Each structure stands twice: as structure tokens, then as C-alpha cells.
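Note sheet for the following structure.
Model, not experiment: these values are computed from the prediction. By convention here, the first residue in the shown sequence is residue 1.
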Amino acid sequence: MKQTKIMKAKKIILASNSPRRRELLAGLDISFEVKVIPGIDESYPEDLPVVEVPQYISKAKADAYLGMIDDDTMVITADTVVVLDDEILGKPVDDDDARRILHKLSGKTHQVITGVCLTSLDKQRVFAVTTGVTFKQFTEQEIDYYVSHYHPLDKAGAYGIQEWIGHIGVTALNGSYFNVMGLPVQRIYMEMQDF
């Protein structure tokens, strides 16, 4: 696939350990490398509206890379949150917490918001993509099966849409499927062309 001039001109760094994000960005047929700075502070002001949290965190992650990039580099940082009734449902601390979160999401529509920051030495672009996801009402057995077989402790909202729970549970999707996986690649492609 022929790449745009900007994609050829820039060395692209994906600042994420997520295998899903690597897989999704690779789907754009662009060359990139993964570089992760450990221990970046992902806290945010308590009074920040929940819809702004992923953009705030993705920008904080990007700012940590400013001292290590040159003119030919673009860094992509991202943060994904799951929001139900204006509450962020983070990564579960254990299996019981995962069950609790999935019970909350059961039979309801929630939002998955991914904040993305594209950063070079001379500019930065921050944006967010929101997708609405509706789950069927889960049975106790379905939640137990998913948690015990998939151990979704590393996933915001205690689930991966590409896993079993997504296959049996998603009844409606309003927006980007890939955004729910963790990276809104279509929007990133558009933003990179304009960057």
C-alpha cells in the first residue's frame, strides 16, 4: 500500500504495550516502533469531566516523550476509558471486581472513549473518539465463565469486545468497533494525513 508523504517522512512511535493497539496500528500498513516509558503518572484532576479524562491522560503520556524525539518523529499515545452513567469503570483489581463491573454493564449502554495524542517536536494534536456499546442482560453463569476463562484484569471495563463476552453480549454498537478495542485507527489515519 502506498503511504502518504507525511507517513513516509515521519518515524512513528506507538507508546503502548497493548498487543491490541499494536495489531490495530499495523492494520494501517505503516511502519512504526513500540517504545514505552514506564511509570508515567496517569492521574487526573478530580473535577475533570469524565469525557475529558482520556485526552488528558494521553497528552500527559505524550509530554513524557518530548525530550527523546527529534524532527522526524511522531509519537502516538492513547488512553481508553469505559463510562457508565458518568462514572469511569477502570481496570478491575481482581476477579470479584471484574464480576461487579460486568454486572453494572449488563443490559445497559455504556460509552468507550479513547483519547489520542499525536506529538511531534513542533506540534501536538489531541482528540477523542466515543463509541456506544449495548450489552444484553448477562446471566450469572455467563459472567462467571468469562471472568474465569479470560481473566480481564488488564482491560478497562473488565472486558475485551473481541473476546467471548463481545461475541455473545453486544447487541448494539454506535461508532467505531476498533475504538472499543483500544485505538480508533480510522480517525488516526485521517488525523495523520492532516498532521
Going hydrophobic residue to hydrophobic residue with side-chain gaps under 4.5 angstrom, can you get from Tyr189 over to Phe195? yes
Backbone N/O of Ile69 and side chain of Thr73: donor-acceptor pair under 3.5 Å: no
Are Leu89 and Tyr159 packed together at the side-chain level, in the sense that at least one heavy-atom pair is separated by less than 4.5 angstrom? no
Any carboxylate oxygen within less than 4.0 angstrom of a Lys/Arg side-chain nitrogen, looking at Asp144 and Arg99? yes
Heavy atoms, side chains only, cut-off 4.5 Å: are Arg21 and Val34 in contact? no
Heavy-atom check, side chain of Ile76 versus side chain of Ile12, under 4.5 Å: yes
Walk me through whether Gln111 and Thr130 qualify under side chain to side chain donor-acceptor pair (under 3.5 Å). CA-CA 6 Å; Gln111 287 71 47; Thr130 301; over 6 Å; no
Could you walk me through whether Thr131 and Asn179 satisfy the side chain to side chain donor-acceptor pair (under 3.5 Å) test, starting with their C-alpha distance in whole Å, then the side-chain angles of each, then the deciding distance to 0.1 Å, before giving a yes or no? CA-CA 7 Å; Thr131 304; Asn179 183 52; 3.0 Å; yes
Would you check if Glu163 and Tyr146 make a side-chain contact, meaning some heavy-atom pair closer than 4.5 Å? yes
Under the side chain to side chain contact (heavy atoms under 4.5 Å, CB included) rule, what do Arg187 and Val116 come out as? Steps first, then yes or no, please. CA-CA 10 Å; Arg187 176 72 181 273; Val116 178; over 6 Å; no
Is there a side-chain contact between Thr119 and Met74, using heavy atoms and a 4.5 Å cut-off? no
Can you tell me if Ser58 uses its side chain to pair, donor with acceptor, with the backbone of Thr77 under 3.5 Å? no
Hey, does the Lys NZ or Arg CZ of Lys35 hover above the aromatic six-ring of Tyr65, less than 6.0 Å from the centre and inside 45° of the axis? no
Can you check side chain to side chain donor-acceptor pair (under 3.5 Å) on Gln162 and Tyr177, steps first, answer last? CA-CA 9 Å; Gln162 71 280 8; Tyr177 172 81; 5.2 Å; no
Between the main-chain N or O of Pro152 and the side-chain N or O of Lys91, is there a donor-acceptor pair closer than 3.5 Å? no
Lys/Arg-Asp/Glu bridge criterion (N-O < 4.0 Å) met for Asp96, Arg100: no
Student check: side-chain heavy atoms of Val75 and Met68 closer than 4.5 Å: no
ILVMFWY cluster, Ile40 and Val126 together (side-chain gap under 4.5 Å): no
Contact check, side chains of Leu48 and Tyr56, non-hydrogen atoms, under 4.5 Å: yes
Could you tell me whether the side chain of Pro92 reaches within less than 4.5 Å of the side chain of Leu153, counting heavy atoms only? yes
So His110 and Phe135, would you call those rings parallel, tilted or perpendicular, with 30° and 60° as cut-offs? tilted
Salt bridge (Lys or Arg N to Asp or Glu O under 4.0 Å) evaluation trace for Glu142 with Lys136: CA-CA 11 Å; Glu142 287 166 342; Lys136 77 178 194 79; 2.8 Å; yes
